[in-house]
2 protein chains.
Amino acid sequence: MRKAQYTMQDIANQLGISKSTVSRALKNHPDISQETKDAVNKLAEEMDYQPNSLALSLRHKKSFVLGIIVPEIVHDFFANVISGVQSVAYEEGYNVMICISNESPEQEKVDVKAMYSSRVDGLLISLTKETKDLASLQSIINKGVPTVMFDRVAEELEVSKVITDDFQGAFMATEHLINQGCKKIVHLSGPNNLAISKLRLKGYMAALDKNNIAVDESLIVPCPKGDLDEGKEVTKGILNSGLDFDAIFANNDVSAIGAMNALKEEGKKIPEDVSVVGFGDWRLSQLLDPPLSSIEQSGFDIGLQAAKLLFEQIKAEEKDIEFSPRTEVVQNNLIKRASSLH
Amino acid sequence: MRKAQYTMQDIANQLGISKSTVSRALKNHPDISQETKDAVNKLAEEMDYQPNSLALSLRHKKSFVLGIIVPEIVHDFFANVISGVQSVAYEEGYNVMICISNESPEQEKVDVKAMYSSRVDGLLISLTKETKDLASLQSIINKGVPTVMFDRVAEELEVSKVITDDFQGAFMATEHLINQGCKKIVHLSGPNNLAISKLRLKGYMAALDKNNIAVDESLIVPCPKGDLDEGKEVTKGILNSGLDFDAIFANNDVSAIGAMNALKEEGKKIPEDVSVVGFGDWRLSQLLDPPLSSIEQSGFDIGLQAAKLLFEQIKAEEKDIEFSPRTEVVQNNLIKRASSLH
DNA sequence: TTGTATGCGTTATCAA
DNA sequence: TTGATAACGCATACAA
């Protein structure tokens, strides 16, 4: 049977004082005599007394818990986000409660309600791919729970958001290739309907433009599925078509790997014959042979920024200051190839 | 300013009834008239009333929260464990609170205390690599919090544990190679002082033994560091030494990739010339070219088993039944190579 | 310097 | 069928 927890009342009884004195002694209240404090602290130590956060939270209407809802967790990006959030939460003395919506909008709704029931002091959320109904999220926002969306955000909600800079990342990747001397850069582009695909394409074109390289439409090859086989096939296709190119900037990390595999099979050397850069988030870039340059969507930084933004809001609210939602754009990082650049 | 939350008292006031009636109506208590129930439910719906779990927890001395402490989260294995735990927790109507000890024993202690302060109904923990002092963990166990350790467990604690079957996994990997016709199987072995290395080596030897293949000591090559370069160098070394072999079973996934890279550089075909199997946990096995067979330490299953074991214990305790700690061993899975086996 | 009383939101016991 | 009250563990306004 689970032992009853020790409470302040227990300490008070043993010492023959009142529980409010114990309460004050434990938090080093100036009114309490050193003598009493010492006695209380000593006994608390002996009994291994641990305060009950639940009672505290109820009392203060503040749980010191942050909620985070992610679509999946077995994914470096989201794992990194959580890691970033945790690091900020720790500093602030907060705990983190996690829900995984599993890409299910229904689960997501349940999660949002659970977060409110747990009275989290703030909520971080990245939406499911299929989330349409924002009612439950809107509802928790209406209830005044500070909320920050990240990565997969909903434009229509008036909350702070943290997103990656897709344009800038693509720009960096492309310019990185240009700086290596590449002039005919293939872009494996993503689905046209996705905002991120468009932004990455724009970044690619902007970099070319800045460096006075004309955009060649035939170098922009769609890779909508973004899987390994597609990347491989598409790359073999352009190799066989005789298209002249000296680099590939892939919209997607998996497409990039597919492309690398195709290049190697066709006897091309990387990066001597063709340089490849991918856009994505995966620590295994360095396990590939040769290692792949990549534009990393820094999940950690996103988590960091999102959590900081959330705390700004939480603190503003505590002080009853108005807080205007804003959107932070997190810079991407170019993970340099381990081998030398040509 | 954060709006005040609605409480049962608010519903009661508006309806001119008492809060206890509201409480009963909301949980469909048989004593309450249908009329009242309908009125209460309707108003609760309108006000978007959400019960306060904190008050509930305090009242019931039960938080419906599971705590999980992992050394890191940006790691497929632990991410999978969390995923497995979540799936069980959801079914039981529990939430999950996560702490990341970041491989720091100090942080771990803080986390354990935080978990107790939050009055989690159960704790899952995988230790830091350097954890020596188990006092805080012992303390929370003494307080009667159901606890299950997984993967990195401490022998000396009398709690349930869930671990992977290293012997069986290595046995499977080796027999998989034998079944493909391999007879001279190199084993890239891990650090001698680690229990898992020994178990994997024993599994390798047992499989050979069962299949009447003599153990050749020269085929057992140490790869203590387990990094990419080591795997590559060691493999090149054995290739240059003229050692005759037709397969590699690597103790570690990264060593396996290093080995593959070396083989490819030396013009060996995989799996035609040499078959490779790794021991580890990484979804990218299928992104490699060729995809690598691997013995997967199923983090998800570990999480599943650990959580189930934990709930068994929680429920036994609620019913005041005594519960004896036990250790579950989770079977590994062999992820088959996508290409055909020879 | 310390004690008493009250409330946080909920449920359960006992009356009505 | 409903209401009043106490209790969960803690902090604080007010008394002493």
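Naming convention: chains lettered A, B, ... in sequence-line order (proteins, then strands); numbering from 1 in each chain. When reading the values below, keep in mind they use all heavy atoms of this one structure, side chains included, and skip hydrogens, waters and symmetry mates. The model shown is predicted, which means the values in this text are computed figures rather than measured ones.
- With sequence neighbours excluded, the residues that form a side chain to side chain contact (heavy atoms under 4.5 Å, CB included) with A/Q86 are A/I82, A/Y90, A/V96, B/I98, B/I100.
- One can place CD of B/Q9 at 9 Å from P of C/dC8, the figure rounded to the nearest angstrom.
- Between the CG atom of B/L56 and the C1' atom of D/dG9 there is a distance of 15 Å, rounded to whole Å.
- Between the P atom of D/dA11 and the CG atom of A/N52 lies a distance of 10 Å, rounded to the nearest Å.
- We find that A/E35 and A/K37 are not joined by a salt bridge, their nearest charged nitrogen and carboxylate oxygen being 4.0 Å or further apart.
- In this model, the phosphate group of C/dT10 is not approached by any side-chain N or O of B/Y6 to a distance below 4.0 Å at OP1 or OP2.
- A heavy-atom distance below 4.5 Å is not found between the side chains of A/K61 and A/R119.
- Salt bridge present: A/D133 and A/K109 bring a charged side-chain N and a carboxylate O closer than 4.0 Å.
- Between B/L15 atom CG and D/dG3 atom C1' the separation is 15 Å, expressed in whole Å.
- Between the B/T36 side chain and the B/I32 main chain, no donor and acceptor come within less than 3.5 Å of each other.
- Between B/E312 and B/K308 there is no salt bridge, since no side-chain N of the basic residue sits under 4.0 Å from a carboxylate O of the acidic one.
- Atoms CG (A/L54) and C1' (C/dG9) sit 13 Å apart, rounded to a whole Å.
- Considering only side-chain N and O atoms, B/Q5 lies under 4.0 angstrom from the phosphate OP1 or OP2 of C/dG9.
- Two rings, from B/Y49 and B/Y6, have their centers 6.0 Å or more apart.
- Regarding A/M47, its CE atom lies at a distance of 12 Å from the P atom of D/dG9, rounded to whole Å.
- Protein atom CE of B/M8 is 6 Å distant from nucleotide atom C1' of C/dT10, rounded to whole Å.
- Mapping A/Q50 and B/P30 onto DNA chain D by nearest heavy atom places B/P30 closer to the 5' end of the strand.
- Between C/dG9 and A/K61, a contact under 4.0 Å exists linking OP1 or OP2 to a side-chain N or O.
- An OP1 or OP2 oxygen of D/dG9 is reached within less than 4.0 angstrom by no side-chain nitrogen or oxygen of A/Y49.
- Atoms CG (B/L58) and C1' (D/dA7) sit 9 Å apart, rounded to a whole Å.
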List, with names and distances, any nitrogen or oxygen atoms from the protein found under 3.5 Å away from nitrogen or oxygen atoms belonging to nucleotides 2-5 of chain C.
residue	atom	partner	partner atom	Å
C/dT2	OP1	A/S33	OG	3.4
C/dT2	OP1	A/T36	OG1	2.6
C/dT2	OP2	A/S33	N	2.9
C/dT2	OP2	A/S33	OG	3.4
C/dT2	OP2	A/T36	OG1	3.2
C/dG3	OP2	A/S18	N	3.0
C/dG3	OP2	A/S18	OG	3.1
C/dG3	OP2	A/T21	OG1	2.3
C/dG3	N7	A/R24	NH2	2.7
C/dG3	O6	A/R24	NH1	2.9
C/dG3	O6	A/R24	NH2	2.8
C/dT4	O4	A/S20	OG	3.2

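- Taking only side-chain atoms of A/A55, from C-beta outward, the nucleotide of D/dC8, C/dG9, D/dC10 with the closest atom is D/dC10.
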